[in-house]
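These notes concern the structure reproduced below.
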Amino acid sequence: MESNLQPPYYENYAYQPENLTAPRLVNGFYVGQQYASPYCPATVPRYVPRACTQPSAPAATRVHPISSPRKICTPRVRKSLCLSLSITILLAGAAIAGIIVWYFVTDSCFGSKIRCGTLAVCVSPSQWCDGVNDCPNGEDENRCVRLYGSRFLLEVYSSESKDWYPVCYDDWNDSYGRTACVDMGYNKDTYFKSTATQLTSPFTSFMRLNTSADGTDLYKKLYNSKQCSTGSVVSLQCIKCGLSSKNSNPRNRIVGGSAAALGEWPWQVSLYIQRIHLCGGSIITPEWIVTAAHCVEGSYSEPSHWSVYAGILLQQEMLRSKGHKVAKIISHPNYDSETKNNDVALMKLRSPLMFDDTIGPVCLPNPGMMFQPEQRCWISGWGAQRQGGNTSKELHAAKVYLIESSRCNSRYVYNGLILSTMICAGYLEGRVDSCQGDSGGPLVTEKHALWWLVGDTSWGTGCASVNKPGVYGNMTQFTDWIYRNMQANR
């Protein structure tokens, strides 16, 4: 019987030709196939170990010394050389230490920290909008915006009241909407629309515009008010997202199913490394891709090694095109490779994608959105169509259902391994599931005629095994982190 106490395990063997041998079964888990490679560059990470053959080195030509070492290496000379070497090492170490200190002290905006306005002070994304003034002028608490719920209600954080409030539509226009979207990390060119919407629940306080206030700063024009003459609040969409040509009832499955159609899953991308499909990902803006942190850990964290393919269904077509280069990779700082906690990462592209009917973003879930157990979702990717098989040559999709965490954490399923940053989806009886090669790809659901990113494919035991459904990163836990990092890396 398979132990329920084993650590999380995901299978992801990359896109490979059909004539490869099947993976070996070791202690109940499949391990990667070995395959030949015509070359083995040392600077490019390799997904499975490969033996690199190297030519034998020619025998060294013996060179006779001009004079005897015993005459040159006198005790006095040796002492002088040792002293000089020691001083050189100390000076080099001091120089390196000085550079490190200078880097972290004079430029504190390393990593994904956000700069406090024009000041040379930076704070981490988790300190932004947390009710505590970490920036000298309080910019981290007075420029806080978010979108709430499936209707994209614009909310602004009040540093005085320490709470979030909807924005009254009185005197609102698209110029203010663009400013709010930029402050969430979006490019102003992706701005979609601002509309007036009625609140479904009563609010006693709003953020309201004072158009007579000096300056052009949106946040200096906003103030708390009990009144909203229009009775409507701002609904703000920073990007046109979640549109698909998908019909209501899919016929496809990733494990043992048929192919997806072009335009059904326009946010799905294939992530290549060394001309091999390794993982999937989801488009959220023209520049940003969401994937799994385990796809880009260790030697796979170098952006220049990756290529992103969008709007293409067949792997053969990707091999004939250049793809989009990656400028930056940001993994969640609290990702745990053992438990797969916080298994999410961002890729920023060097140049933006051009959106059309086959390439487009999925909607990020907003705070206040709840996904219910048994909610119908879909997974997609180029993963294997059976456990231990080769990854697919074409994009497949499958219908799955969300599984309540308490049920997924039961003794006979994952026995407590499912954390709040994870969500289960699939069928306890097996049949349909993600598989190797699907890692990082999307788990989506349709709500109010839009498609939302529920999770990213993270891990699982086997493929479509009984009582071992797929486990996905819970995107509702990561939306704020995504926005803060988009903001910090505009």
Set of residues satisfying side-chain contact (heavy atoms from CB on, under 4.5 Å) with respect to [X], sequence neighbours excluded:
{"X": "E317", "value": "I312, L314, R320"}
{"X": "P373", "value": "E404"}
{"X": "S420", "value": "Q477"}
{"X": "V182", "value": "K188, R490"}

query: Mind checking whether W481 and H332 have ring centres under 6.0 Å apart?
result: yes
Got a list of side-chain donor-acceptor pairs under 3.5 Å for residues 234-242, not counting sequence neighbours?
residue	atom	partner	partner atom	Å
S235	OG	R151	O	2.7

- prompt: For N342, what residues pass the side chain to side chain donor-acceptor pair (under 3.5 Å) criterion, not counting sequence neighbours?
  reply: none
task: With sequence neighbours left out, write down each residue that passes side chain to side chain donor-acceptor pair (under 3.5 Å) with T190, or none if nothing qualifies.
output: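 Listed in chain order: nothing, the list is empty.
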Run the side-chain donor-acceptor check on residues 281-289: report pairs under 3.5 Å with partners two or more places apart or on a different chain.
residue	atom	partner	partner atom	Å
T285	OG1	E287	N	3.1
T285	OG1	W288	N	3.0

query: Mind checking what makes ring-ring contact (aromatic ring centres under 6.0 Å, His included) contact with W452, not counting sequence neighbours?
result: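 ring-ring contact (aromatic ring centres under 6.0 Å, His included) list for W452, sorted by chain: F152.
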task: Hey, could you give me each pair passing side-chain hydrogen bond (donor to acceptor under 3.5 Å, both in side chains) that has a residue in residues 357-371? Not counting sequence neighbours.
output: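 Listed by first then second residue: D356-T358.
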- prompt: Does one side chain, of K328 or N489, offer a donor that lies under 3.5 Å from an acceptor on the other?
  reply: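 There is such a pair (donor and acceptor under 3.5 Å, judged by atom type) between the side chains of K328 and N489.
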query: Do S194 and Y176 have side-chain atoms, one donor and one acceptor, less than 3.5 Å apart?
result: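 Checked: S194/Y176 side chains show no N/O donor-acceptor pair below 3.5 Å.
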field: Which residues share a salt bridge (Lys or Arg N to Asp or Glu O under 4.0 Å) with R178, sequence neighbours left out
entry: none
query: According to the interplanar angle, ranging from 0 to 90°, do the rings of W265 and W378 count as parallel (below 30°), tilted (30 to 60°) or perpendicular (above 60°)?
result: tilted
field: Sequence neighbours excluded, every pair satisfying disulfide (SG to SG under 2.5 Å) that has a member inside residues 307-359
entry: none
